[in-house]
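All remarks here apply to the structure that follows.
In what follows, chains are A, B, ... by sequence order, proteins preceding strands, each numbered from 1.
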Amino acid sequence: MADLVYRHNRITRFTHWINAIALAVLFMSGLQIFNAFPRLHWGDKAEPEEALLSIMAKEEDGDIRGYTDLFGYRFDTTGVLGLQYTDTGPAARAFPSWITIPGFFWLAGGRRWHFFFGWLFVINGLLYFVYNLLNSHVRKFFFTPKSAAQVPAMILYYLRLRRQSPQDEEYNPLQKLAYTSVFLILTPAVLLSGLAMSPQLDMAFNWLPAVFGGRQAARTIHFALAFGFLLFTFGHVFMVLTTGMANNMRSMLTGWYREKAPLRQALQPIEPAAVDNLEQDCPPREIRQAIAETHAAAEAPAPDKPMPHPQETQEPANGAVLPEVIEEAKKDG
Amino acid sequence: MAKVKAGLSRRKLLAGAAQGGGLLLLSGCEKFFNGLQQNKKFVSWLEAAEGVNRRVQRFLTGRNKLAQEFTEQDISRTFKPNGNPPPITMDYMADAANQWNRWRLKISGLIQQPSDLTLAELRSIPSRTQITRHDCVEGWSAIAKWRGAPLAEILNRVQPKPEARYVVFHCTDTDENGQNYYESIDLEDAVHPQTILAYEMNDRALPIVHGAPLRLRVENQLGYKHAKYIRGIELVADLTAIRGGKGGYWEDQGYEWFAGI
């Protein structure tokens, strides 16, 4: 059985779980903040008729329904978006109470959570990054041109259209792509688009909202990137669940991971020549011949039966009749 | 062997944790967060982020930066007049009917020369015009052109005493319970060149829904700091003695005093 290996250091494990909590709170308090103005715009200002996304409740013939307008298309999202059924009756709210922090509508509260956990996310991320940069761990999942070349093969492998994984290091090329984009694109972009909504920082850096296409565009991008994090989290959790949940969870809680097989050996491609050699080596042709002959002599076939094929005789003879011959063959090999 | 046993018990533990987590997520999540939201101690922890935001953002901004100014083409077609409905007191309506001729801005508190200013006197102060973006705490933005008297110039005239630290704006508008709106900024923001007491919006007298006759523009802060319907300015050393003690109508209800983000 393969051994336990120490895979995640203390700092990685600690920052991983703090990060998980921070991201969950940031997402949910962010939706609370969004609910205060459940529309998304492009540019610098929010002209009512120019919304890209708009979530609302509307009363029609005494019936209140929730609608989501996205790029001019209307979706009836009653019960989830726009209108939620609560114990006290239908309530107009963009995102439902069970996914916002706090659950009741309170923008000030949502902001307090968001900024506190925003700082936690940043400080925690810096701790992880600096520590793992110093011990050069982050280099292991850095997406390089070489990993880019392996991406198609990795996709084929995941789709079960290819037998061999192209993975030859601790992280596979798609993992590298995912982690590198979260580190280099998603995280900086979500932080900067969030900060671009700050009038104080916009005064210091007039270019900040401009790089996103205006303050309202920064808000839209910030919202979209939050769902990018959600998507990443879903993918991450899916992989954790499908590649040995208990083992994965143990390694992120205690650090210890059970290797499925020594990596290099398991991933060595099997070439046709090697298969030929195997066939020849064990046992060699002469011994197989000898086995077959001995077997034939021991149990003479009935006259009406054809001679057994040498291959059929090989197996029983192998173990039972001539162990010493096999031993010798092994020594030779 | 010991390792394997440990592994199994951990597995049970993990399964239990996952189950508990799922239950928490499905049923108790909302109650859990709502409970924390109502826990004063916990909320005071969350509120610590405000001081960090203020210090870091002020440090990054420095003192000589200006908010982005836009062009006439950028001015919003729709500018939502948020906040309380316009005041309906007899005095306010009479002042409006008189073109604000009898209206006075009362300046009081820690100043050398307490004084009242008429709108004409405010207009005689060299004005500043700026096309800026208004960012509401709710999330929307709108662009308008504002003209008004720089607050720094007004403060120059009334000579704040050395101990004065904040400028408090007392307003005429009230909420549904009759509570007057009020706001405060510190002297650093008060003397910023783009901090003005605006009496014109988009080249016309400030409309009643936008705070006639006088409103604050403090361009490094969110909309709720931009007090409308101003009737008095007071300079103080400390905010705790005023109303809820947090320095503003919304601040007393949990919003940040530092509204730079």
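- Closest heavy-atom contact between Pro199(A) and Ala259(B): CG-O, 4.1 Å.
- Interface remark: Arg133(B) contributes side-chain atoms only to the contact with chain A (heavy atom separation under 4.5 Å).
- Judged by distance alone, the side chains of Trp140(B) and Gln216(A) never bring a donor and an acceptor atom under 3.5 Å apart.
- When the candidates Pro48(A), Gly194(A), Pro209(A) are compared by the number of heavy-atom contacts under 4.5 Å with chain B, Pro48(A) comes out ahead.
- The environment of Phe59(B) atom CZ is sparse: at most 12 non-hydrogen atoms of other residues, nucleotides or ligands sit within 6.0 angstrom.
- More than 12 heavy-atom neighbours from other residues, nucleotides or ligands sit within 6.0 angstrom of CG on Asn177(B).
- Distance check: His41(A) NE2 to Ser141(B) OG gives 9.5 Å after rounding to the nearest 0.5 Å.
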Derivation of the side-chain contact (heavy atoms from CB on, under 4.5 Å) call for Phe116(A) and Val52(B): CA-CA 9 Å; Phe116(A) 182 91; Val52(B) 182; over 6 Å; no
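- Nearest heavy atom pair, residue Ser198(A) against residue Gly260(B), reads OG-O, 2.7 Å.
- Of the listed residues (Ala142(B), Ala49(B), Gly139(B)), the greatest number of heavy-atom pairs within a distance under 4.5 Å of chain A belongs to Gly139(B).
- The backbone N or O of Arg112(A) sits nowhere less than 3.5 Å from a side-chain atom of Glu47(B) that would complete a donor-acceptor pair.
- Remark: Glu50(B) does not engage Arg111(A) in a salt bridge, criterion side-chain N to carboxylate O under 4.0 Å.
- Note on ring orientation: taking the six-membered ring where Trp is involved, the planes of Phe42(B) and Trp113(A) are tilted (angle from 30° to 60°).
- Between chain B and the residues Gly118(A), Gly109(A), Gly214(A), Ser97(A), the largest count of heavy-atom pairs under 4.5 Å involves Ser97(A).
- Residue Arg54(B) qualifies as enclosed at atom CZ: its count of foreign heavy atoms under 6.0 Å is above 12.
- Using a 4.5 Å cut-off between heavy atoms, Phe79(B) does not touch chain A at all.
- With a threshold of 4.5 angstrom between heavy atoms, Gln32(A) does not approach chain B through any atom at all.
- Other residues, nucleotides and ligands place no more than 12 heavy atoms under 6.0 Å from the CZ atom of Arg55(B).
- Other residues, nucleotides and ligands contribute more than 12 heavy atoms inside 6.0 Å of the CZ atom of Phe227(A).
- Checked against the 6.0 Å centroid criterion, the rings of Tyr255(B) and Trp106(A) qualify as a close aromatic pair.
- Taking CG of Asn53(B) as the start and CZ of Phe115(A) as the end, the distance is 6.0 Å to the nearest 0.5 Å.
- Atom CZ of Phe105(A) sits in a crowded spot, with more than 12 heavy atoms from other residues, nucleotides or ligands closer than 6.0 Å.
- Taking all atoms of both residues into account, the shortest heavy-atom contact from Ser76(B) to Lys45(A) is OG-CD, 3.5 Å.
- Among Arg77(B), Glu219(B), Arg58(B), Gln38(B), the residue with the largest count of heavy-atom pairs under 4.5 Å with chain A is Arg77(B).
- Atoms CD and CD1, from Glu30(B) and Ile99(A) in turn, are 11.0 Å apart once rounded to the nearest 0.5 Å.
- Here the side chains of Asp44(A) and Ile143(B) are in contact, with some heavy-atom distance below 4.5 Å.
- By the 4.5 Å heavy-atom criterion applied to side chains, Gln68(B) and Met203(A) are not counted as neighbours.
- Using modelled atom types, one side-chain atom of Asn34(B) and one backbone atom of Gly103(A) make a donor-acceptor pair closer than 3.5 Å.
- Closest approach of Glu47(A) to Thr78(B), counting heavy atoms only: OE1-N, 3.1 Å.
- To the nearest 0.5 Å, atom CD1 of residue Ile33(A) and atom CD of residue Glu138(B) are 12.5 Å apart.
- Remark: the backbone N or O of Arg215(A) is not paired with any side-chain donor or acceptor of Asp135(B) at under 3.5 angstrom.
- Here the CG-NZ distance, from Asp202(A) to Lys65(B), works out to 12.5 Å after rounding to the nearest 0.5 Å.
- With a 4.5 Å cut-off on non-hydrogen atoms, Phe117(A) touches chain B through its side chain but not through its backbone.
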side-chain contact (heavy atoms from CB on, under 4.5 Å) assessment of Ile261(B) paired with Leu195(A): CA-CA 8 Å; Ile261(B) 184 164; Leu195(A) 293 173; 4.2 Å; yes
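- Each of Lys80(B), His134(B), His192(B) has some count of heavy-atom pairs under 4.5 Å with chain A, and the biggest count is that of His192(B).
- If you run side-chain contact (heavy atoms from CB on, under 4.5 Å) between Gln200(A) and each of Leu222(B), Thr61(B), Val56(B), Leu60(B), only Thr61(B) comes through.
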